[in-house]
Every structure is written in structure tokens, then in C-alpha cells.
A.B. asks: 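This is the structure I want to talk about, given as C-alpha cells.
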Number of protein chains: 4
Amino acid sequence: MGKKKGPKYNQIIDAAVKVIANHGYHQAQVSKIAKEAGVADGTIYLYFENKEDILTSLFEEKLGSFVEYIRTQLTSDLSTEKKFLILIRKHLEQLQDDHHLAVVTQLELRQSNTDLRLKINEILKGYLVLVDELLTEGKENGFFQADLDNRLARQMIFGTVDEVVTNWVMKECKYDLVSLAEPVHNMLLGGLRSS
Amino acid sequence: MGKKKGPKYNQIIDAAVKVIANHGYHQAQVSKIAKEAGVADGTIYLYFENKEDILTSLFEEKLGSFVEYIRTQLTSDLSTEKKFLILIRKHLEQLQDDHHLAVVTQLELRQSNTDLRLKINEILKGYLVLVDELLTEGKENGFFQADLDNRLARQMIFGTVDEVVTNWVMKECKYDLVSLAEPVHNMLLGGLRSS
Amino acid sequence: MGKKKGPKYNQIIDAAVKVIANHGYHQAQVSKIAKEAGVADGTIYLYFENKEDILTSLFEEKLGSFVEYIRTQLTSDLSTEKKFLILIRKHLEQLQDDHHLAVVTQLELRQSNTDLRLKINEILKGYLVLVDELLTEGKENGFFQADLDNRLARQMIFGTVDEVVTNWVMKECKYDLVSLAEPVHNMLLGGLRSS
Amino acid sequence: MGKKKGPKYNQIIDAAVKVIANHGYHQAQVSKIAKEAGVADGTIYLYFENKEDILTSLFEEKLGSFVEYIRTQLTSDLSTEKKFLILIRKHLEQLQDDHHLAVVTQLELRQSNTDLRLKINEILKGYLVLVDELLTEGKENGFFQADLDNRLARQMIFGTVDEVVTNWVMKECKYDLVSLAEPVHNMLLGGLRSS
DNA sequence: CATGAATGAGGCTTCATTCAT
DNA sequence: CATGAATGAAGCCTCATTCAT
């Protein structure tokens with residue numbers, strides 16, 4: 001039950017990312033992950049409950065540190081606008097820096113069954129809480145519209161950035177993703193209507 | 001190959017939607033779909049090439065008429081703003097009117113393998129072309145900002161609406177989706193920033 | 001039960017030969033044969049009990065006339081040696097004249113299940129009886145060795161000619177088969193040993 | 001791919017021979033073979049690529065050692081005549097000693113599809129090469145007729161012996177096969193004609 | 001006589017997980 | 001802790017045959 005986080009724990013997770021990115025979700029057999037990690041098939045089960053546990057742990061580890069890192073960048077001296085831009089830029093940056101992870105989170109892991117996806121959503125909450133905090137702060141200091149529906153705003157922000165990343169991955173990461181941070185940021189803030 | 005549309009064709013597609021919605025993508029065996037449709041297993045293959053063909057046909061039929069229907073609603077006498085609102089409202093309306101279909105398109109069908117997803121994307125293009133036309137029209141008549149990047153704007157619109165629907169489905173369709181059309185519409189047009 | 005031999009009876013058998021030769025035994029579905037014959041699937045069952053019946057009838061018809069024809073060529077004024085040569089030459093000739101039939105009898109029909117093969121052997125007896133008669137005649141008039149074991153001799157004759165034809169078919173009928181009649185005839189009569 | 005020969009490898013091949021001989025080629029399901037071998041269905045696939053691979057391996061193993069064994073018996077001190085007799089006798093002996101194998105090679109395996117049959121022919125070449133060598137030797141030392149066509153002679157020898165064995169199997173192995181070695185040998189050498 | 005839409009049984013193969021060493 | 005050989009359940013699809021028209 002209690003995960004033993006020996007050195008092989010991360011070794012296996014990294015192998016899983018690599019295998020899924022290279023071979024696709026449905027071709028990522030436990031034996032293939034074990035081979036990539038340089039351990040025996042059975043060893044996997046000393047560190048993870050089952051295959052699903054590898055995938056949720058993968059998401060937990062990668063997204064956990066992902067959100068943690070963004071938080072360290074949002075120092076309290078920054079304006080809400082600046083924070084909002086950094087949030088988006090770091091989101092794009094981290095995925096651009098790890099194509100493997102991008103493929104896995106945007107395409108492959110979404111092929112998992114509904115149960116796994118529910119757990120992933122649980123993990124995603126950390127990110128959404130961060131967005132929520134930013135929205136509340138901005139509404140209080142007058143940067144965001146005071147009557148925003150937080151839930152809808154969250155869905156617009158996440159939905160937009162996620163769709164932008166997914167399209168980039170589908171186009172095989174052929175263009176620069178990070179340079180879209182500013183236009184996306186502006187579009188989310190200013191909307192589509194001419195002012 | 002060109003096996004076509006007897007009355008059983010739609011019968012089978014509707015059965016597929018129902019079975020996938022109730023049991024999930026990975027539990028939607030051909031035999032289960034056949035039983036639900038009230039035909040023999042083999043009969044499926046008089047109307048469809050294989051299982052994947054059922055699913056792409058499902059998407060084709062449902063989304064095809066979906067986009068067609070929206071187009072009929074966007075009469076040329078309407079303002080761009082009105083058209084944009086109708087686009088969003090009809091999108092939400094049609095999915096709210098068919099919970100089964102909503103579950104299938106937002107959650108279950110995304111679990112399909114990469115090949116099927118590519119075909120689905122092909123079909124989705126019809127919707128995106130519609131959005132594109134609206135954006136171009138609005139930029140020309142001064143409703144939308146003239147310097148909008150169509151691709152990014154499309155991604156914001158689709159990403160947001162899609163995320164709104166997915167959240168609704170994940171909350172088991174417990175609240176009214178259509179009433180979100182106006183706030184979503186306003187948010188997309190005006191953005192998050194206080195003016 | 002009693003086979004109705006309308007014009008479609010032969011039409012179906014000829015279609016079967018063609019389909020099996022072109023597509024192979026395992027790809028010769030009833031529906032394909034029906035289409036080739038220009039009749040509906042169900043019509044097949046007005047003329048034949050089942051699929052196996054098509055195949056045995058095919059063999060019966062083709063081999064029946066095959067043996068009958070050879071018999072007409074073996075007029076009583078001929079020497080045993082001449083008759084023996086004619087037997088072999090006509091055997092080779094008829095198969096060379098109908099490549100489709102050759103492929104079917106030498107390769108494809110041997111893939112049938114054991115039951116069908118037993119029936120085919122039953123039909124083959126007509127040919128073997130003919131060989132037997134020739135052997136007996138030859139032993140009586142001193143042309144063949146008097147102490148020949150008829151059964152073994154029959155197996156040598158049939159086994160050799162059959163193997164020669166099969167090799168020809170396997171080489172895609174690329175060389176002239178009939179010209180082998182004489183050397184095969186000589187080899188069977190004189191044996192391998194230098195005299 | 002290169003999955004190889006644990007003790008279960010032969011266990012499975014022997015089980016396949018037994019199952020095919022007893023139930024026929026078309027009734028030899030993988031699950032039946034696994035059960036007979038005393039292993040799980042999946043275990044089969046640790047040792048063989050697929051079902052076809054079981055059958056070609058079966059033929060390879062059995063016929064491979066078959067030809068090898070005959071070669072060990074053809075010591076260079078023997079006359080060509082003696083070698084020729086031994087070739088035939090050992091051929092008959094080995095099949096008489098393993099009725100199951102005889103049924104499989106003479107009847108059941110010939111029902112396989114064309115691809116498998118091509119592979120089997122590949123394996124058969126080892127036998128035919130042996131015959132060829134013997135023919136060449138005999139022609140050189142004056143035992144066989146100098147102007148023999150090797151190809152035809154090979155076809156007569158193989159065709160005859162094969163037909164003899166097949167007839168024996170079809171008569172359910174009820175008589176002694178090996179005692180036919182000498183008469184067959186004599187008939188092949190001396191031919192049918194009275195001298 | 002003729003049609004052809006509908007039937008439904010049957011088998012090869014994969015791969016997550018276990019457990020004896 | 002680590003191994004990896006063995007397990008065995010589960011599903012898509014084909015095609016000979018039927019029968020209502």
C-alpha cells in the first residue's frame with residue numbers, strides 16, 4: 001500500500017513516459033515499461049499496485065512538481081496580470097521542454113478508461129486551485145471583472161490553454177509553443193470583441 | 001465496402017451510443033451493441049466494415065447533422081454577435097438534449113486509439129470551418145478584433161465550450177447547461193479583464 | 001436429394017472451379033461462387049446439398065468425364081504399351097488443357113477436410129480400376145512382369161504421374177507438361193537401373 | 001521471435017502431433033493442444049509465434065531429424081543399390097514407427113493453407129536433395145541409367161513412396177509397411193516391363 | 001424456381017498479474 | 001528485494017445456411 005519510493009520508483013515512471021510517448025498508450029505493456037526501466041516485470045509490482053497505479057503516479061509526480069514549480073515563480077511582488085502571463089507561459093514552457101510528457105498528457109493518457117481519468121481529474125485539481133486563487137486575487141484587486149463566474153473562467157482558461165497545447169502536439173510540436181503565451185494571454189484577458 | 005443505410009444502420013448506431021454511454025467505451029463489445037440493436041452479431045457486419053467503422057460512422061452521423069443543423073440556424077439576417085451566441089447555445093443545447101451522446105463524445109470516444117481519433121478530427125473539421133467563417137465575417141464587419149489569430153481564436157472558442165460541456169458531463173449532467181450559453185458567450189467576447 | 005441437373009448445375013460447378021483456382025480453396029466462399037455463377041446464394045442450395053456437395057460433384061463431373069474420355073481412346077486394337085502411353089499422355093493433356101482444373105485438383109482440393117478427401121478417393125477409384133485393367137491385360141499378354149503386385153504398381157503409376165503434375169502446377173505451369181508423357185512412360189516401364 | 005527450446009517446446013510439438021492425428025487438422029485448436037501438452041494456452045506463445053509456427057516447427061523437427069537419421073545410415077562403404085534400398089526402408093520404417101506422425105504428414109498437414117504448404121515444401125527439399133545426390137552418384141558409377149532426368153526420377157521415387165505410405169495410412173495402418181520396401185525398391189529399379 | 005438479408009457459433013491471441021525460486 | 005516463466009480470461013469477425021418474400 002504505502003508506496004516504497006526507492007530509486008527504481010522514478011526509474012519506472014520515467015520509463016513509462018518514454019514508452020507511452022514512443023509507442024502509444026495501447027502499446028505500452030507492463031513488460032515493455034519494465035524492459036525500458038531495466039527491471040524485471042515482477043519488480044514493477046513491488047513499487048506499484050497495478051498498471052493503473054503507474055499511470056496515476058506518473059501524472060501525480062509530473063503534474064505535482066509542475067504546479068509546485070509554477071507556484072515558486074508566482075512571487076507575491078508580481079502583479080496579477082504578470083502572474084497570469086507567467087502561469088500560461090510556464091504551462092507551455094514545461095510541456096515544450098518535454099515533448100515526451102506533452103504527448104503523454106495531451107494525447108495518450110486520455111485514452112485511459114474512465115476510472116483512471118477520474119483520478120487524473122483529482123490530480124488536476126491542484127492546478128485548478130491555483131487558477132482559482134489567481135482569479136479571486138484579481139477580482140479583489142480590480143484586475144479581473146468582479147462578477148466573473150470562477151468556475152466558468154477556470155474552464156475558459158484551462159480549456160483554451162489545453163486546446164492550444166493539444167493542437168501543437170497534434171502538429172508534431174513543429175512550431176514554437178511558448179511564443180503563443182502572450183497572444184493567448186491577451187486573448188483571454190481582452191476577449192474576441194473589438195473594443 | 002459501400003454497405004449502406006437500411007433502417008438497421010441507424011438502429012445500430014443508436015444502440016452503440018446507448019451501450020457506450022451506459023457501459024463505457026472499453027466495455028462496448030460488438031455483441032452487446034448487437035443485442036441492444038436487436039440484431040445478430042453478424043448483421044452488424046452487413047452495415048459496417050468493423051467495430052471502428054461503427055464508431056466513426058456514429059461520429060459522422062451525429063456530428064454531421066449537428067453542424068448542419070447549426071448552419072440552418074445561422075440565417076444571414078442575423079448579426080455576427082447573435083450568430084456567435086446561437087452557435088454556442090445550439091452546441092450546448094444539442095448535447096443537453098442527448099445525454100447519452102454527450103457522454104460518448106466528451107468522454108468515451110476520446111479513449112479510442114490514435115487512428116480512430118485522427119478520423120474523428122477529420123470530422124471535427126466541419127465544425128471548425130464553421131467557426132472560422134464566423135470569425136472571418138466578424139473581423140470584416142468590425143465585430144471581432146481585426147488582428148485576431150484565427151487559429152488561436154478557434155482554439156479558445158472550441159477549447160472553452162468543450163471544457164464547459166465536459167465538466168457538465170463529469171458532474172453527471174446535474175445542472176442546466178444551456179443557461180451557460182450567455183455567460184460563456186460574454187466571457188469569450190469580453191475577456192476576463194475588467195474594462 | 002436427387003440432384004436436379006438444370007443448366008445452372010454445371011454453371012455453378014464451373015464457377016466453383018474458376019473461383020477456387022483464382023482465389024484458393026480457403027477463399028472460395030459460397031457467396032463468391034454464386035456471384036461468379038450469376039445466381040443468388042440461396043440458389044446454390046437448390047442444386048447442391050451443401051458446400052461439400054459442390055466440391056465432390058465438381059470432382060465427380062470432371063474426373064468422371066476425364067476417365068470416360070481416356071477409355072474412348074484406348075481402343076482394343078492398340079498394344080498394351082501404346083495404351084499405357086496414351087493413358088499417361090491423356091492424363092497430362094487434359095490437365096494441361098485446363099490450368100484452372102489442374103490447380104484445383106492438384107493443390108486446392110487437397111486442402112479439404114478428411115471426410116471430403118475420402119469421398120474424392122472414392123471417385124478416384126474409377127481411374128484406378130482403369131489402371132488395374134491395363135495391368136492385368138499386360139501381365140496376361142506378357143508385356144508387364146507377371147509377378148507384379150497390382151496394388152503397388154498402381155501406386156507407382158498414379159504416385160509418379162500425380163507428382164509430376166503437381167510439380168508442374170507448383171512451377172505455375174511454365175513448361176510443357178505433355179512432352180513429359182514419353183519419358184515418364186519409359187521410366188515407369190524400364191525403371192531406374194541401367195540395363 | 002527467437003523463442004526457443006525449453007523442455008516445453010518438444011512437449012507442445014508432441015502434443016500437436018497427437019491432437020492433429022486424433023482430431024484432424026481442422027479440429028486441432030490451440031486450446032486443445034495446450035491441454036494435451038499440460039500447459040496454459042498462453043504458454044504456447046512463449047515458444048511459438050502463432051499456430052502456423054507450431055505446425056512448421058513440427059514438420060521441421062520431425063522431418064529434419066528424419067532426413068538426418070537416414071543420412072547417418074547411408075555410410076560410404078555401401079553400394080548405391082544398398083543405399084537406395086535403405087533410403088526407402090528407413091522412410092517407411094520411421095513412419096510405421098510413429099503412426100500419429102504418419103497420419104499428420106500424409107493426410108492432415110496437407111490440408112493447411114498455401115502459405116504453410118510452401119514452407120513445408122521448403123523443408124521437404126532436404127529430402128529431395130538427398131535423393132538427388134544418390135541419383136547423381138548412381139549415374140556416375142553406372143548403377144542408374146546415365147541419361148536419367150534427375151527431376152523426373154526424383155518425382156517418380158518420391159511420388160511412389162509417398163503414395164505407398166498414404167495408401168497405408170488410409171487403410172488405417174493395418175498391414176506391414178516396411179515389408180513393402182523391397183518390392184517398391186525393385187519396382188522402381190526394374191520398372192514394370194517384363195525383361 | 002429464385003432471391004439475398006439475416007443468422008450465430010466458434011477460435012486465435014494478448015497481456016496484466018502471480019509466485020516459486 | 002528481485003526475478004521472469006507461466007497463467008487464462010476475453011472479444012472481433014467470418015461465412016455456411018435458412019426462409020420469408
Side-chain angles (χ1 to χ4, degrees), chain A residues 4 6-9 12 26-35 37-55, chain B residues 3-4 6-9 11-12 26-35 37-54, chain C residues 4 6-8 12 26-35 37-55, chain D residues 3 6-9 11-12 26-35 37-54:
Chain A
K4 314 291 180 201
K8 299 200 174 165
Y9 178 84
I12 291 166
H26 290 289
Q27 281 305 307
Q29 296 86 349
V30 171
S31 63
K32 213 178 266 173
I33 295 172
K35 196 170 190 181
V39 301
D41 292 16
T43 305
I44 299 266
Y45 292 87
L46 299 175
Y47 293 90
F48 299 90
E49 302 271 335
N50 49 37
K51 188 181 179 181
E52 185 173 315
D53 189 27
I54 306 177
L55 303 177
Chain B
K3 311 265 180 50
K4 275 290 136 176
K8 303 211 169 155
Y9 178 84
Q11 205 171 317
I12 290 166
H26 292 288
Q27 280 305 306
Q29 295 89 347
V30 171
S31 62
K32 216 176 266 173
I33 294 172
K35 196 170 191 181
V39 300
D41 292 18
T43 305
I44 299 269
Y45 293 88
L46 297 176
Y47 295 90
F48 300 91
E49 298 278 330
N50 48 39
K51 187 181 178 182
E52 185 172 314
D53 189 29
I54 306 177
Chain C
K4 315 289 178 202
K8 299 200 175 165
I12 291 166
H26 290 288
Q27 282 306 306
Q29 295 86 350
V30 170
S31 63
K32 213 177 266 173
I33 294 172
K35 195 171 191 180
V39 301
D41 294 15
T43 305
I44 299 267
Y45 292 87
L46 299 175
Y47 294 89
F48 300 91
E49 302 271 336
N50 49 36
K51 187 180 179 181
E52 186 171 313
D53 189 27
I54 306 176
L55 303 176
Chain D
K3 311 265 181 51
K8 304 210 168 155
Y9 179 84
Q11 204 170 315
I12 291 166
H26 290 289
Q27 281 305 307
Q29 296 88 346
V30 171
S31 63
K32 217 178 264 174
I33 295 173
K35 198 169 190 179
V39 301
D41 292 17
T43 304
I44 300 267
Y45 293 87
L46 297 176
Y47 295 90
F48 301 90
E49 299 277 332
N50 48 41
K51 188 180 178 181
E52 184 172 316
D53 189 28
I54 306 177

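Every value quoted in this text rests on a predicted model; they were computed, and no experiment measured them. Here is the naming used below: chain letters follow the sequence lines, and residue numbers restart at 1 for every chain.
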A.B. asks: Checking contacts here: which listed nucleotide (dC15(F), dA5(E), dC13(F)) is nearest the side-chain heavy atoms of D41(C)?
C.D. replies: dA5(E)

A.B. asks: Is the backbone N or O of A28(B) less than 3.5 Å from a side-chain atom of K51(B), with the two atoms forming a donor-acceptor pair by type?
C.D. replies: yes

A.B. asks: When you measure from the side chain of L46(D), which nucleotide among dA5(F), dA2(F), dA2(E) comes out closest?
C.D. replies: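 Given the options dA5(F), dA2(F), dA2(E), the side chain of L46(D) is closest to dA5(F).
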
A.B. asks: Y47(B) side chain: which of dA6(E), dC12(F), dC15(E) is closest?
C.D. replies: dA6(E)

A.B. asks: At 4.0 Å (heavy atoms only), tell me whether V30(D) reaches a base, stays on the sugar-phosphate, or touches nothing.
C.D. replies: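 Counting heavy atoms under 4.0 Å across all strands, the contact made by V30(D) includes a base.
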
A.B. asks: Do the side chains of I54(D) and Y47(D) get nearer than 4.5 Å, heavy atoms only?
C.D. replies: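 No, every pair of side-chain atoms sits at 4.5 Å or beyond.
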
A.B. asks: Let me know the distance between CG of L55(A) and C1' of dA16(E), rounded to the nearest Å.
C.D. replies: 12 Å

A.B. asks: Got a list of protein N/O to nucleotides 19-21 of chain E N/O distances below 3.5 Å?
C.D. replies:
none

A.B. asks: Grab the NZ-P distance between K32(B) and dA10(F) for me, whole Å please.
C.D. replies: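 Nearest whole value for this atom pair: 11 Å.
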
A.B. asks: Are the side chains of Q29(B) and K32(B) in touch, meaning some heavy atoms are under 4.5 Å apart?
C.D. replies: yes

A.B. asks: Is a donor from one side chain sitting under 3.5 angstrom from an acceptor on the other, for K8(D) and Q11(D)?
C.D. replies: no

A.B. asks: If you compare all heavy atoms of N50(C) against all heavy atoms of Y45(C), which two are closest, and at what distance to 0.1 Å?
C.D. replies: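 In terms of heavy atoms, the two residues are closest at CA-CE2, 3.8 Å.
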
A.B. asks: Taking the nucleotide of DNA chain F with the nearest heavy atom to each, does V39(A) or S31(B) sit closer to the 5' end?
C.D. replies: V39(A)

A.B. asks: For Y9(B) and dA6(E), give me the distance from atom OH to atom P, rounded to whole Å.
C.D. replies: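 Rounded to whole Å, this separation is 15 Å.
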
A.B. asks: For H26(C) and dC12(E), give me the distance from atom NE2 to atom P, rounded to whole Å.
C.D. replies: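 After rounding, the gap between these two atoms is 13 Å.
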
A.B. asks: Need one value for K8(C): base, sugar-phosphate or nothing, where a base atom within 4.0 Å counts as base even if backbone is also close, heavy atoms only.
C.D. replies: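 Contact class for K8(C): sugar-phosphate only.
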
A.B. asks: Taking CG from D53(D) and C1' from dT13(E), how many angstroms apart are they, rounded to a whole number?
C.D. replies: 14 Å

A.B. asks: Starting at CD1 of I33(D) and ending at P of dG11(E), how long is that distance when rounded to a whole Å?
C.D. replies: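 Computing the I33(D):CD1 to dG11(E):P distance gives 12 Å.
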
A.B. asks: Which whole-number value in Å describes the distance from K35(D) NZ to dG8(F) P?
C.D. replies: 12 Å

A.B. asks: Stems involving DNA chain E: give each as a range paired with a range, ordered by first number, where a stem means at least three consecutive Watson-Crick or G-U wobble pairs under 3.5 Å.
C.D. replies: E:2-21 with F:2-21

A.B. asks: dA6(F) phosphate, OP1 or OP2: any side-chain N/O from T43(D) under 4.0 angstrom?
C.D. replies: no

A.B. asks: Quick one: I44(B) CD1 to dC12(F) P, roughly how many Å, whole number?
C.D. replies: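 Value for this atom pair: 10 Å.
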
A.B. asks: Show the nearest heavy-atom pair for residues I12(A) and I33(A), with the distance to one decimal.
C.D. replies: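 Nearest heavy atoms, I12(A) then I33(A): O-CG2, 3.9 Å.
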
A.B. asks: Starting from the 5' end of DNA chain F, give me the residue, N50(C) or E52(B), whose nearest nucleotide shows up first.
C.D. replies: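 With N50(C) and E52(B) compared, the 5'-side residue is E52(B).
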
A.B. asks: Measure from the side-chain heavy atoms of K51(C) and tell me the nearest of dT17(F), dG4(E), dA2(F).
C.D. replies: dT17(F)

A.B. asks: Side chain of Q29(C) only, please: which of dA16(F), dG11(E), dC13(F) is the nearest?
C.D. replies: dA16(F)

A.B. asks: Could you label the plane-to-plane angle of the F48(D) and Y9(D) rings as parallel, tilted or perpendicular, counting under 30° as parallel and over 60° as perpendicular?
C.D. replies: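 Plane angle under 30°, so parallel.
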
A.B. asks: Tell me which of G38(B) and A28(D) sits closer to the 5' end of DNA chain E, going by the nucleotide each one is nearest to.
C.D. replies: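 The answer here is G38(B).
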
